Structure formats: C-alpha cells, structure tokens
Amino acid sequence: MRIAVGSDHRGRELREKLIAFLQQSGREVIDAGPNGDGDVDYPDVAEAVARQVSRQEAERGILICGTGLGMCIVANKLPGVRAAPCYDDLSAAISRRHNDLNVLCLPGDLMGQRLAHRIVETWLSTPFDGGRHARRNQKIADLEQQNGHH
Ligand code: RB5
C-alpha cells in the first residue's frame, strides 16, 4: 500500500514521526513535505496529496495541519477523495468500515504521537464493510459527477 503523507508547518513534527513509524512497519511512503522550516499554506499540501489519491498514484493519504480541519476541507475538493479528521481509534475504524475513508486528517497541535500511531494503525488495517455503505459512497460519487468534478 502506497501512502502519501503531507503536512503544513504545524503538522511537521508529527508527520516526521509518523513517516518513521510507517516505514518501520514496512509501508511505502510518499513524503509530500514540507522539507524546510518555514510556514506552508495547508491548501497547497492538501491538494498535492489528495491529487495523488484521486489519480490512484497513492492508495491512501494522510494530512496533518494544526487541527486536521483545513486539510480536510481542501482534500474533499478532489474527485474520489473521502477525507475526514479522526481523533480516536474508534472513529478511525468506523471511517474505514462505513466511509471507506481514503484520506486521514490529523491534528498536529492537538494530538500526541502515541495516539496518532494507534489511529493510523487502526485506519490502515480496517477494511471497508461495503454493502449499504458502498451504495452511499456511490451517491457521493454521483454528486461529484453531477457537479462536474470528474
Ligand atoms: C495554520 O496556522 C493552521 O490554520 C492550520 O495548521 C490548520 O489548523 C488549519 O485548519
């Protein structure tokens, strides 16, 4: 599974720790940065990561800003992207089972490393339930089509 990971300046520290954690557990990571120390506008990074997921160049994306919220708002503009913030492992598990969430947004300012790793591990290992949830996701895809997002 290829996972694209990006952050803004507020999420940089957690991103770096998360990438090390993912690589240690044998996952393929595409690091979307940022590399420098300066401030970064979260829409730029969210667009880059979400585009990779939208084009299926990455199977999953993880985006970290201060709250996870700005990243989420941007990522959902890209077709086929289902992004949301998860703040605990229960919401992470349900986001996979019900929503087939393919972009996880995390709050670098509000979350410690251990909780973040636990959420990510749960999110990566929980499958989509399909069934009635697939029908609902199809309605979301139809909405994108109707609005020209394809
Ligand atoms: C940047 O200061 C901050 O607004 C950003 O990291 C994020 O929390 C936005 O949603």
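Counting convention: from 1, in listed order, for ligands and their atoms alike. Keep in mind the model is a prediction, meaning the values are calculated, not measured.
Ranking protein heavy atoms by distance to atom 8 (O) of ligand 1, first place goes to Thr67 N, 3.0 Å. When only non-hydrogen protein atoms are considered, atom 4 (O) of ligand 1 lies nearest to Tyr42 CE2, 4.4 Å. Regarding atom 2 (O) of ligand 1, its nearest protein heavy-atom neighbour is Arg10 CD, 3.8 Å.
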Review point. Which is it for Asp142 and Gln146 under the side chain to side chain donor-acceptor pair (under 3.5 Å) test, yes or no, and what are the steps along the way?
Key: CA-CA 6 Å; Asp142 292 347; Gln146 287 158 24; 5.6 Å; no
Exercise for review: Could you go through the side chain to side chain donor-acceptor pair (under 3.5 Å) check for Arg15 and Ser7 one step at a time?
Suggested key: CA-CA 6 Å; Arg15 184 186 101 253; Ser7 73; 2.9 Å; yes
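Counting heavy atoms from C-beta on, the side chains of Cys65 and Thr67 come closer than 4.5 Å. Using a 4.5 Å heavy-atom cutoff, the side chains of Leu106 and Met111 are in contact. In this structure the side chain of His133 never reaches within 4.5 angstrom of the side chain of Asp100, judged on heavy atoms.
Close approach of ligand 1 to Cys65 (heavy-atom distance below 4.0 Å) involves ligand atoms 5 (C), 6 (O), 7 (C), 8 (O), 9 (C), 10 (O). In summary, the atoms of ligand 1 found under 4.0 Å from a heavy atom of Gly66, numbered by their order in the structure, are 5 (C), 6 (O), 7 (C), 8 (O).
Contacts between Asp8 and ligand 1 below 4.0 angstrom, taking non-hydrogen atoms only, involve the side chain exclusively.
For Glu57, the salt bridge (Lys or Arg N to Asp or Glu O under 4.0 Å) criterion is met by no residue, not counting sequence neighbours.
Polar contact with ligand 1: present for Gly70 (N/O pair, distance under 3.5 Å).
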